[in-house]
Engineer: 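Quick one: the structure is below, questions incoming.
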Number of protein chains: 2
Amino acid sequence: MLSTTEENYLKALLQLTFEQEDKAEAGTNELAAQLGVKPATANDMLKKLREKQLIHYEKYGKSSLTAEGKKRAVEVVRKHRLWETFLYEHLGFTWDEVHEVAEQLEHIQSPKLIDRLDQLLNYPSFDPHGDVIPTASGEMKIPAKKTLNEEQVGHQCKMVGVKDNSATFLQYVDKVGLRMNQPIKVLSRQPYDELIEIEVNGLKSSVSPRFAENIVIVCNDCEIRMKSI
Amino acid sequence: MLSTTEENYLKALLQLTFEQEDKAEAGTNELAAQLGVKPATANDMLKKLREKQLIHYEKYGKSSLTAEGKKRAVEVVRKHRLWETFLYEHLGFTWDEVHEVAEQLEHIQSPKLIDRLDQLLNYPSFDPHGDVIPTASGEMKIPAKKTLNEEQVGHQCKMVGVKDNSATFLQYVDKVGLRMNQPIKVLSRQPYDELIEIEVNGLKSSVSPRFAENIVIVCNDCEIRMKSI
DNA sequence: TACAAATGTTAGACTAATCTAACAAAAATA
DNA sequence: TATTTTTGTTAGATTAGTCTAACATTTGTA
Ligand SMILES: [Mn+2]
Ligand SMILES: [Mn+2]
Ligand SMILES: [Mn+2]
Ligand SMILES: [Mn+2]
């Protein structure tokens, strides 16, 4: 069985090599920074994890997870996100409070506990931050990201990011009622001027294609790709 | 902040000096046995906990908790039993499965989490084993123990133990449908032969005073004593 | 290509928690 | 009371995880 520390290293490596972008490798300093330890410390752990066949690592080289290491790391991420969802949905935590506690809960060892939690939460696909929760078999449903401008009429989606960070844009976003991970319905599209009518939390607005181009969304009604990791 | 290990030592000391019987002191070997470590190990920790003013300890003497130590230990017990209740009532664990997982969960640091869990469970007084859950302020509601024979007609109670351990007695207990911590209603008492009519889980039975004298119960409808620790 | 900067490694030290083996004190008993 | 048994302590070693300081390698740039 892995220690809490070992689990944290595997998770950090997963986040650096798989989730943040598809680099597949991470440097020692980078990993140390992610975990808030000194490079010397991370270096020791890298050797230990290589011994256990959980990572690929060679002196002066970058590191990456083995199949087994990836599996373990994904399990930790799954637990983390299920706990975040539980704290948010059943205990009334706010989305910014859940992470810190989940950081502890993710290391509780009990497969049954996680299965039951998953069931209680009705097998959620996303955590309160909108991040994908891996399934029990280690797969991740990756929803296709696109801009609001590309979304089909009638579909429901949610904002996961913006492309413009200017104050005027963000204030406009706010005025329209858009918030991260809040459902957006695309009601119609005017053939004449291409204005898009959306509904957010009961509030209807019309936005321009230029505005919609800068809102990154994931579509709830679209096909999802299963990323097996 | 206390480490998991320190918390476990305080909890063990509480159990030895307060819960098991009112001895108020425990020896080093006894404590070591309770925790599954060697006396030498416990000895080191006793010195450390004395430094932190959490226990009273003198070389070759018995140990006991200070007020602060007791407070910390009770918090751990509270968390343990709230988690057990959660696992039992919300995740369908059986009463014998909950302890092991609660042993891990009791060390999660988040006052808000425990408050909310308490609220979700509707401020329970007892865990699935029938043990008292300390309140947020560190008090324990101690229900008066008596025998079923002493219980008033009309009251509800639950079995918490037996005085006779013979096979014939236990088989009879089983036949009547009695189980640990299951609600028992005392329906009536025949004036003629003193037979007591009870109802357990919908099943009505009549039992003799001799039988009832050997069933230890706590009364749900009786006054409780607040044990401040 | 040579040097400087960035990145990574090693050696040695520290703390927490554990152990074994030897020793010391207290308690029980003959 | 003297001896044995039980109980408790100390010293020294071990493992995991961390650090600092010195050193080595690789990478980027002048
Ligand atoms: Mn998180
Ligand atoms: Mn963690
Ligand atoms: Mn328990
Ligand atoms: Mn514990």
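Reminder, nothing fancy here: chain letters follow the sequence lines and each chain counts from 1.
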Engineer: Give the rounded distance in Å between these two atoms: NZ of B/Lys62 and P of C/dA25.
Structural biologist: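 Answer to the nearest Å: 18 Å.
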Engineer: How many whole angstroms separate atom CD of B/Glu30 from atom C1' of D/dT6?
Structural biologist: 13 Å
Engineer: What is the distance, to the nearest angstrom, from the CG atom on A/Asn29 to the P atom on D/dC19?
Structural biologist: 13 Å
Engineer: Within the 3.5 Å criterion, strictly below it, is a donor on A/Gln109 or A/Glu7 matched to an acceptor on the partner's side chain?
Structural biologist: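 There is such a pair between these side chains.
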Engineer: Rounded to whole angstroms, how far apart are CG on B/Leu2 and C1' on C/dA16?
Structural biologist: 14 Å
Engineer: Can you tell me if A/Tyr9 touches the phosphate of D/dT18, counting only side-chain N or O atoms and a distance under 4.0 Å to OP1 or OP2?
Structural biologist: yes
Engineer: Which atom names give the shortest non-hydrogen contact between A/Arg50 and A/Ile55, and what distance separates them?
Structural biologist: N-CG1, 3.7 Å
Engineer: Tell me whether the guanidinium CZ or amine NZ of B/Lys163 lies under 6.0 angstrom from the six-membered ring centre of B/Phe169 and within 45° of its axis.
Structural biologist: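 Verdict for B/Phe169: no cation-pi partner in B/Lys163.
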Engineer: Distance check: side-chain N/O of A/Tyr60 vs OP1/OP2 of C/dA6, anything under 4.0 Å?
Structural biologist: no
Engineer: If you compare every side-chain N and O of B/Thr5 against the phosphate oxygens of C/dA16 (OP1, OP2), does one of them come in below 4.0 Å?
Structural biologist: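 No, no such contact exists.
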Engineer: What integer distance in Å separates B/Glu58:CD from C/dA25:C1'?
Structural biologist: 15 Å
Engineer: List the atom of B/Asp164, the atom of B/Ser166, and the distance in Å for their closest heavy-atom pair.
Structural biologist: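 The answer is OD1-N, 2.8 Å.
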Engineer: With a cut-off of less than 4.0 Å, is there a side-chain N or O of A/Lys59 near OP1 or OP2 of C/dT10?
Structural biologist: yes
Engineer: Quick check, are the ring centers of A/Phe93 and A/Phe86 under 6.0 angstrom apart?
Structural biologist: no
Engineer: Nearest whole angstrom, please: distance from the C1' of C/dG8 to the CZ of A/Arg50.
Structural biologist: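 The answer, rounded to whole Å, is 13 Å.
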Engineer: Given atom CG of B/Leu16 and atom P of D/dT7, what is their separation to the nearest angstrom?
Structural biologist: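 Going from CG in B/Leu16 over to P in D/dT7 covers 14 Å.
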Engineer: Rounded to whole angstrom units, what separation is found between the NZ atom of B/Lys47 and the C1' atom of C/dA16?
Structural biologist: 15 Å
Engineer: Do B/His90 and A/His90 have ring centroids that are under 6.0 Å from one another?
Structural biologist: no
Engineer: Distance only, no hydrogens: is a donor on one side chain within 3.5 Å (strictly under) of an acceptor on the other, for A/His107 and A/Asn8?
Structural biologist: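 There is such a pair between these side chains.
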Engineer: Near DNA chain D, which residues from residues 37-45 of chain A have a heavy atom under 4.0 Å away?
Structural biologist: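 Heavy-atom cutoff 4.0 Å gives A/Val37, A/Lys38, A/Ala40, A/Thr41, A/Asp44, A/Met45.
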